[in-house]
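Residue numbers begin at 1 in each chain, while the letters A, B, ... track the order of the sequences.
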Amino acid sequence: MNFFSQVYELVRQIPEGKVTTYGEIAAALGTRDARRVGHALHANPDGDLTPCHRVVTKDGKLSESYAFGGSFEQYAKLKSEGVTFLDRTHVDLSRHLYHYPTE
DNA sequence: AGCGTGACGAACT
DNA sequence: TAGTTCGCCACGC
């Protein structure tokens, strides 16, 4: 089990209508290196297997370099799942942030 | 092999 | 409050 796989596992645990942040994932794996989390998602082409559109930055901002058609795809997918937005590129984290259980 | 960069973000100054 | 440094490492050059 490598870091990438763990990232994918956590992302798959995000329920519909929820989002999480790079920092949450990194912290859940015991590190502060959010860059690897982002890199893992971008390196993963399995858009159906791993809902990377549910992962945003700490500010709730959608990633600017999203691989599947830009942040608009994230916006469309998330909105269809019931996620609300502060503006076209910012998720309402106060309503939809998924916090990983601490163990 | 080293160096710079990067879907990031917290801590520090 | 804003700017800088540090964490940590895959990847391209």
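- Take A:Phe3 and apply the ring pair (Phe, Tyr, Trp, His ring centres under 6.0 Å) test, not counting sequence neighbours, and it matches no residue.
- We find the NZ-CG distance between A:Lys61 and A:Asp87 to be 9.0 Å, quoted to the nearest 0.5 Å.
- Here the NE2-OG distance, from A:His42 to A:Ser63, works out to 8.0 Å after rounding to the nearest 0.5 Å.
- If you take CG of A:Leu62 and C1' of B:dC8, they are 15 Å apart, rounded to a whole angstrom.
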Report all side-chain donor-acceptor pairs from residues 4-12 of chain A shorter than 3.5 Å, counting only partners two or more places apart or in another chain.
| unit_1 | atom_1 | unit_2 | atom_2 | d |
| --- | --- | --- | --- | --- |
| A:Ser5 | OG | A:Asn2 | OD1 | 3.0 |
| A:Tyr8 | OH | A:Ala40 | O | 3.0 |
| A:Glu9 | OE2 | A:Arg12 | NH1 | 3.1 |

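- Looking at A:Leu62 and A:Phe85, their side chains come closer than 4.5 Å, going by heavy atoms from C-beta outward.
- Nucleotides B:dC8 and C:dT1, compared at atom P, are 23 Å apart to the nearest Å.
- Positionally, the nearest nucleotide of DNA chain B for A:Gly38 lies more toward the 5' end than for the other of A:Lys58 and A:Gly38.
- Taking each heavy atom of A:Leu78 and A:His53 in turn, the nearest pair found is CD1-O, 3.3 Å.
- Close approach of DNA chain C to chain A, defined as any atom under 4.0 Å from a non-hydrogen atom of the protein, starts and stops at C:dG7 to C:dC11.
- Considering only side-chain atoms of A:Thr57, the nucleotide from B:dG9, B:dG6, B:dA7 that sits closest is B:dG9.
- Annotation: B:dT5 and C:dT4 have their P atoms spaced 15 Å apart (nearest Å).
- If you measure from atom NZ of A:Lys77 to atom C1' of B:dA7, you get 16 Å, rounded to the nearest angstrom.
- Panel note: side chain A:Thr31, backbone A:Asp33; a donor-acceptor pair is recorded below 3.5 Å.
- The CZ atom of A:Arg54 sits 17 Å away from the C1' atom of B:dA7 (whole-angstrom rounding).
- Nucleotides B:dA1 and C:dA10 have their P atoms positioned 14 Å apart, rounded to a whole Å.
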Report all side-chain donor-acceptor pairs from residues 18-28 of chain A shorter than 3.5 Å, counting only partners two or more places apart or in another chain.
| unit_1 | atom_1 | unit_2 | atom_2 | d |
| --- | --- | --- | --- | --- |
| A:Thr20 | OG1 | A:Tyr98 | O | 3.1 |
| A:Thr21 | OG1 | A:Glu24 | N | 3.1 |
| A:Glu24 | OE1 | A:His99 | ND1 | 2.9 |
| A:Glu24 | OE2 | A:His99 | ND1 | 3.1 |

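- Rounded to an integer number of Å, the gap from A:Phe3 CZ to B:dC8 C1' is 11 Å.
- DNA chain C lies under 4.0 Å from at least one heavy atom of each of the following residues of residues 14-33 of chain A: A:Thr31, A:Arg32, A:Asp33.
- Of the two residues near DNA chain C, A:Phe4 and A:Ala34, the one whose nearest nucleotide lies more 5' is A:Ala34.
- Between B:dG4 and C:dC6, the distance separating the two P atoms is 15 Å to the nearest Å.
- Looking at residues two or more places apart in sequence or on another chain, you find a side chain to side chain donor-acceptor pair (under 3.5 Å) between A:His96 and A:Thr84.
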